[in-house]
Amino acid sequence: MPKIPAAERASELRNLPQVDRLSGALPQSAAPTLRVAAARRAIADASDAILAGKPAPSFDEIVAAASGVLEAQRRRRLRRVVNATGVLLHTNLGRAPLSEEAQQLMAEVGAGYSNLEFDLARGRRGSRYDHSTEMLTTLTRAESALVVNNNAAAVLLALAGLARGREAIISRGELIEIGGEFRIPEILAESGAIMREVGTTNRTHLKDYANAMGPDTGAILKVHPSNYEVTGFTASVPSRQLAELARSNGVAFISDVGSGLLSRNLPGGVPEWLTREPAVADAVDEGADVVTFSGDKLLGGPQAGILVGRSEALSKLRRSPLLRAFRTDKTTLAALDATLAAYLEGNLSRIPFWRMALLPAGEIESRARALAEELPVEQAKVDVEPGFSTTGGGSAPSSRIPTAVLRIAPQTAGAQDLSAALLASDPPVVARIEDGALLIDLRTVAPADDSTVGAALRKALGGSSAS
Ligand SMILES: *Cc1c(COP(=O)(O)O)cnc(C)c1O
């Protein structure tokens, strides 16, 4: 470290720009408060550097540092991105995109007043849960329904409302973790129910559940192990048998199906890669008292936790104080209503998840080829080849949807640099990296955004060759 005399350091500190002068030199597009804060930060950093014996930065360097602070702030704000990963329900990217109808109803209900808790037929107070209940019961043939903030809350509410202070019996093969924060043993502990594990990781039999049944039992919990599979020498108990065992012992049967494929009788049928996914309507039919699932997974709606099942069990949950804590807001309920209406009307193509999931690979390939033709071949090796999209979001772990991917292997810079350049573009483009190449899967890109991806790629490839 170069030794700087104290007097020289003091003069360098005195010569640092005033906050006003520096903030005045920052891009005027940023609000004054933000410019002043960024200026203060940059001046403080510069003074730390001087005190640490580093050379004093020039005015221009301090301006650049402050602009960097502003830019970093801007990039941390919530904004739209283009999802070119081919992961349809990418939790980090906000899971399911909403339908036009959902967006419109959200905007209308959000912008003004609504009949959220008002019964227009009777002219008096109503319930915010009534709007979606009728559609949900029609679609799943359940007696009743309830909506909360997410499926984690739905499971917690069901356990707390039906088994608090008593035992909830669960197979050791279903003590799962989904996405870090959702771990069944922890949710059980939070709910106040006592976990009673039965069976083994790979095999659990009806007698295991029956033997655990006693005066302290409050519920049987079945959890769909969404994001992993046990294969080989395995056994689990069909829901119908668990429902019978629960009923004959007077305890509740709670079934968390997670991903929320509403039924097997969807218009157009269920695609082959979803055949092993449990359907909500089947879980209801098999006798569960409460079935829980997410609103923003295979349903293709907003973040929500949906509970459907028997009236008796759901009335208990409606009286739980937790329900108030898990209450969904009006815009969520609006988006959910519009999404469910598309199912009722048999028009799944209105829901972006289904529209994208059912795109034929050939169509994606044509779009990828059109994109490839506009890329500078001298900067990268570009191929269009078969690949797989996935559902993501903790549904159907082995689901591989045939697609076509654009594989870009940059000549000079690495795939990491190319990816970073795409993330810095506006809107940011998120792609996959595999074997040192960048992969673009247009299945999850709206066709209107193909040109956005193309422009971002051309700029990134041009830029990376110059460096
Ligand atoms: C995804 C999932 C959850 C969590 O649902 P969120 O809506 O993300 O809270 C719980 N259980 C299962 C089986 C899941 O697949």
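Each ligand, and each atom within it, is numbered from 1 in the order the structure gives. The shown structure was predicted, so the numbers you read here are calculated from the model rather than taken from an experiment.
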Inset, instruction - Quick one: look at I178 and ligand 1, take heavy-atom pairs under 4.0 Å, and tell me if it's side chain, backbone, both or neither. - result: side chain
Inset, instruction - Using the side-chain contact (heavy atoms from CB on, under 4.5 Å) rule, pick out the option among D256, V148, N151 that qualifies with L307. - result: V148
Inset, instruction - Indicate yes or no: does an N/O atom of D296 lie under 3.5 Å from an N/O atom of ligand 1? - result: no
Inset, instruction - Step through the shown structure and confirm whether more than 12 heavy atoms of other residues, nucleotides or ligands are within 6.0 Å of CD on E345. - result: yes
Inset, instruction - Check each atom of ligand 1 against the heavy atoms of A152 and keep those under 4.0 Å away; list them by number with element. - result: 5 (O), 6 (P), 9 (O)
Legend entry - contact_flag V155 ligand 1 heavy-atom lt 4.0 Å: no
Inset, instruction - Using a cut-off of 6.0 Å, state whether more than 12 heavy atoms not belonging to E100 lie near its atom CD. - result: no
Legend entry - Atoms of ligand 1 close to R95 [distance to a heavy atom under 4.0 angstrom, numbered from 1]: 6 (P), 7 (O), 8 (O)
Inset, instruction - Say whether G258, considering both its backbone and side-chain N or O atoms, lies within less than 3.5 Å of an N or O atom on ligand 1. - result: no
Legend entry - Option of least heavy-atom distance to atom 14 (C) of ligand 1 (set: H224, E174, K297): K297
Inset, instruction - May I ask you to check whether D329 and T332 show a side-chain donor-acceptor distance below 3.5 Å? - result: yes
Inset, instruction - Drop me the distance from L406's CG to L438's CG, to the nearest 0.5 angstrom. - result: 8.5 Å
Inset, instruction - Check the pair I306 / T292 against side-chain contact (heavy atoms from CB on, under 4.5 Å), numbers first and verdict last. - result: CA-CA 6 Å; I306 304 172; T292 65; over 6 Å; no
